[in-house]
Amino acid sequence: MDGKNETSQQMHRSKESNVAANKLKDIPEALQEVKNHPGDGAAENIMERTQMAKKKKEKQSDNVERASHKRKSENNDKLAVEKEETTLETGNQLIPTPPSHIPLKNLMDIEMELVYTDEEEISFEFAKPVASTSTQSACRDSEKADAPSTPNSSALPYLDEQLQMTLREASTSYSEKNYEAAVEQFSTALELFSKGAATDDTLEPSPEDISSIASFIETKLVTCYLKLRKLDDALNHSHRSIILNPAYFRNHLRQAAAFRCLERYSEAARSTMIADYMYWLTGGTEQHTSKLIKLYWQAMIEEAIAREVSFSVMYTPCVTEVKADKINKIKDLFAKKHPDYVEHIYTDPHGFHFLPQTTEWPSLPPQRYLLTLGFRNKRIGKILERWSSKKLPIFSDQKTPFSPLTKEETKRYWDNTGKKIVPVMDFIRSTKLTDNLCACSRGIEKLHYASFLGRLQRVEEQSQVINQAMAELATIPYLQDISQQDAETLQSLMADAMDTLEGRSDKGRVWNKIQKIGLIEDYLYQVEDNYLKNKRLRTARREKMKRTQSTQQH
């Protein structure tokens with residue numbers, strides 16, 4: 001019987017592998033050099049590119065340098081456009097053979113090195129906010145973050161004595177694998193911190209120092225809860241660590257690990273993508289670390305695609321905005337490659353996508369891709385396309401503006417649409433760092449989703465999603481330059497999210513006002529859609545009547 005069971009399991013695994021391989025055939029090949037030699041490979045060239053990128057960033061205010069860079073970029077763009085046009089005309093995509101599956105053991109090895117690091121020492125994983133003109137300072141901060149260090153290090157804050165003693169006890173419990181005791185002691189440290197016990201420098205405590213200490217305690221709670229397999233707790237504390245210190249890449253990696261354990265692979269992929277970008281942004285240059293992060297990101301994308309049955313995916317290399325006729329060619333090619341997913345084909349028009357195999361952030365710019373999705377459910381594909389045309393996305397399906405859904409309608413909408421569209425939205429964001437339409441769009445999506453969960457009385461999920469939205473919003477200024485208007489929206493959204501978490505009224509929330517605008521937009525879209533449908537029907541009837549009359553006359 002054991003032999004039969006083993007054979008059956010092998011056949012099942014083989015079948016799953018074949019299905020995944022078919023779905024992954026349009027993803028560029030994985031980083032084979034990382035898998036085989038994670039510590040080496042093209043390091044010198046990449047280091048040179050890193051140094052060049054830093055010098056360029058330091059001289060960004062120089063008009064001559066900017067003009068030179070622009071000319072170089074335009075030349076590269078022309079070459080890439082020619083390459084892209086040739087690719088689309090021949091139909092031979094620059095998308096090689098599918099990547100081989102990355103074993104779970106490899107992922108666990110990466111997590112042990114990057115997520116559960118510095119387990120036996122109290123180290124403050126601290127990175128100051130990075131200004132665009134201070135790359136050298138950022139590099140020093142990254143070295144500080146990567147190096148194991150103690151509270152008494154001159155580069156780090158001096159701890160309050162009682163807090164330091166509590167943290168040492170917690171660290172001892174952790175090293176002895178007594179995670180329950182460690183959780184209790186780290187929680188006590190957090191309470192001490194909240195009561196004002198932070199640093200010995202009571203006259204001028206640095207806000208950055210205080211945030212780093214709180215973030216450090218939160219990250220230790222994340223690792224403890226991961227070890228205890230209390231995954232929801234781990235995820236919530238990972239969100240909080242990011243809110244306190246968005247610039248530190250390991251905070252995003254711990255969030256990714258929590259998502260992976262919860263089998264939420266698209267969200268894990270996004271967290272890892274951000275970690276990879278943050279590592280470079282704060283001056284990280286260690287190629288071994290960078291490659292491991294990219295390998296983890298690749299694995300999460302693969303898992304997300306392999307497990308998703310409602311849609312399939314294709315990435316097309318591009319540089320500039322793609323015109324409608326080329327998008328049609330891309331869709332035709334997708335239909336040939338994925339005949340089971342042609343009920344609705346959608347190409348994301350806003351913001352370019354990045355893949356780990358071709359992304360070296362210091363090389364400006366990294367290879368960019370258009371994302372095309374094909375659906376088995378036409379309605380879901382059309383809803384997604386409609387949402388993508390809005391400047392400020394909302395999570396709603398109300399038929400008329402200002403008429404709230406009943407509890408039954410809300411439940412019906414979730415069952416028929418909500419739980420099908422949320423995974424698609426998460427997947428789209430797993431390879432898209434920023435959005436061209438609105439800097440806060442991802443956070444707004446999550447806040448509307450949280451509001452929706454609140455109407456369904458799913459309070460714990462609502463709280464978790466709001467924490468996630470706040471972590472996303474806290475990270476935005478590091479991912480892109482934002483306008484004054486976006487900055488004001490960002491501050492308002494974070495304040496409203498905090499109010500909601502603390503139980504204050506939902507009335508007057510910024511995202512509720514955004515929702516009203518979106519509902520009117522929805523209503524106008526539906527009116528236009530109905531008008532065009534009726535127009536087509538009228539035209540078809542007139543043509544039919546003409547043919548009938550012509551036949552009768554003859």
Side-chain angles (χ1 to χ4, degrees), residues 132 239 242-243 246 252 266-267 269-271 273-274 277-278 281 320-322 346-354 365 368-371 373 382-398 401 418 421-452 465-500 506 508-525:
S132 60
H239 296 330
I242 291 171
I243 294 166
H252 297 278
S266 292
E267 292 162 285
R270 176 166 179 81
S271 297
M273 172 180 62
I274 292 172
Y277 183 76
M278 289 296 184
L281 186 68
T320 57
E321 291 291 335
V322 180
Y346 161 77
T347 298
D348 181 19
H350 305 301
F352 291 105
H353 292 255
F354 302 103
R368 299 182 292 185
Y369 295 83
L370 276 178
L371 170 64
L373 297 171
K382 290 195 76 173
I383 290 172
L384 179 71
E385 188 152 10
R386 189 175 77 209
W387 282 6
S388 71
S389 66
K390 299 176 182 176
K391 186 173 183 181
L392 296 171
I394 62 167
F395 189 88
S396 176
D397 196 38
Q398 291 168 249
I421 201 93
V422 167
V424 187
M425 292 161 62
D426 287 332
F427 180 79
I428 289 173
R429 301 290 183 169
S430 70
T431 50
K432 183 160 70 171
L433 196 65
T434 60
D435 197 305
N436 289 349
L437 284 180
C438 171
C440 304
S441 60
R442 172 65 171 174
I444 293 168
E445 284 174 2
K446 287 294 178 183
L447 289 170
H448 277 297
Y449 177 31
S451 178
F452 191 82
V465 172
I466 290 175
N467 273 315
Q468 184 184 359
M470 288 187 69
E472 186 79 33
L473 292 169
T475 308
I476 286 171
Y478 298 89
L479 302 183
Q480 64 189 103
D481 293 328
I482 57 175
S483 65
Q484 182 62 34
Q485 183 180 353
D486 283 334
E488 291 171 3
T489 303
L490 188 64
Q491 290 173 348
S492 299
L493 289 170
M494 292 196 74
D496 287 351
M498 183 61 72
D499 285 347
T500 303
D506 273 347
R509 295 283 184 262
V510 171
W511 66 79
N512 290 336
K513 295 175 184 176
I514 290 170
Q515 186 179 36
K516 290 177 182 178
I517 297 169
L519 292 173
I520 294 172
E521 210 174 342
D522 261 359
Y523 179 72
L524 293 174
Y525 178 91

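The structure displayed is predicted, hence computed values, not measured ones.
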Checklist entry - Counting only N and O atoms by type, is there a donor-acceptor contact under 3.5 Å from the side chain of Arg442 to the main-chain atoms of Thr434? => result no
Checklist entry - Out of Leu473, Ile482, Asp435, which one pairs with Cys440 under the side chain to side chain contact (heavy atoms under 4.5 Å, CB included) rule? => result Leu473
Item to check | Spacing of Tyr346 atom OH and Ile383 atom CD1 [to the nearest 0.5 Å] | outcome: 13.0 Å
Checklist entry - Heavy-atom distance under 4.5 Å between the side chains of His239 and Val465, does that happen here? => result no
Checklist outcome for this item: Tightest non-hydrogen contact, residues Pro423 and Ser266, listed as O-OG, 4.4 Å
Checklist entry - Do Thr489 and Cys438 touch side chain to side chain, with heavy atoms closer than 4.5 Å? => result no
Item to check | Shortest non-hydrogen contact from Tyr478 toward Tyr277 | outcome: O-CE2, 3.4 Å
Item to check | Spatial distance of atom CD1 (Ile243) from atom CE (Met494) [nearest 0.5 Å] | outcome: 6.0 Å
Item to check | Salt-bridge contact Arg429-Asp348 (side-chain N to carboxylate O under 4.0 Å) | outcome: no
Next on the checklist: For the CD atom of Gln468 and the CG atom of Leu447, what is their distance to the nearest 0.5 Å?
Outcome noted: 10.0 Å
Checklist outcome for this item: What one should report as the nearest heavy-atom pair of Ser430 and Ala269 is CB-CB, 3.7 Å
Checklist entry - Does any N or O in the side chain of Ser451 come within less than 3.5 Å of the main-chain N or O of His448, such that one atom is a donor and the other an acceptor? => result no
Item to check | Main-chain N/O of Arg270 paired with His252 side-chain donor or acceptor, under 3.5 Å | outcome: no
Checklist entry - Would you say Leu371 and Lys432 make side-chain contact, with heavy atoms under 4.5 Å? => result no
Checklist entry - When rounded to the nearest 0.5 angstrom, what distance separates CE in Met273 from CZ in Phe354? => result 8.5 Å
Checklist entry - Side-chain contact, heavy-atom cut-off 4.5 Å: Ile242 with Ile274? => result no
Item to check | Distance (rounded to the nearest 0.5 Å) between Asp426 CG and Lys446 NZ | outcome: 4.0 Å
Checklist entry - Can you check side-chain contact (heavy atoms from CB on, under 4.5 Å) on Thr475 and Glu472, steps first, answer last? => result CA-CA 5 Å; Thr475 308; Glu472 186 79 33; 5.8 Å; no
Checklist entry - Would Ile476 and Asp486 count as a side-chain contact (heavy atoms from CB on, under 4.5 Å) if you check the C-alpha gap in whole Å, the side-chain angles of each, and the deciding distance to 0.1 Å? => result CA-CA 10 Å; Ile476 286 171; Asp486 283 334; over 6 Å; no
Item to check | Validation row: Ile428, Met425 side chains within 4.5 angstrom (heavy atoms) | outcome: no
Next on the checklist: For the CG atom of Leu479 and the CG atom of Leu433, what is their distance to the nearest 0.5 Å?
Outcome noted: 5.0 Å
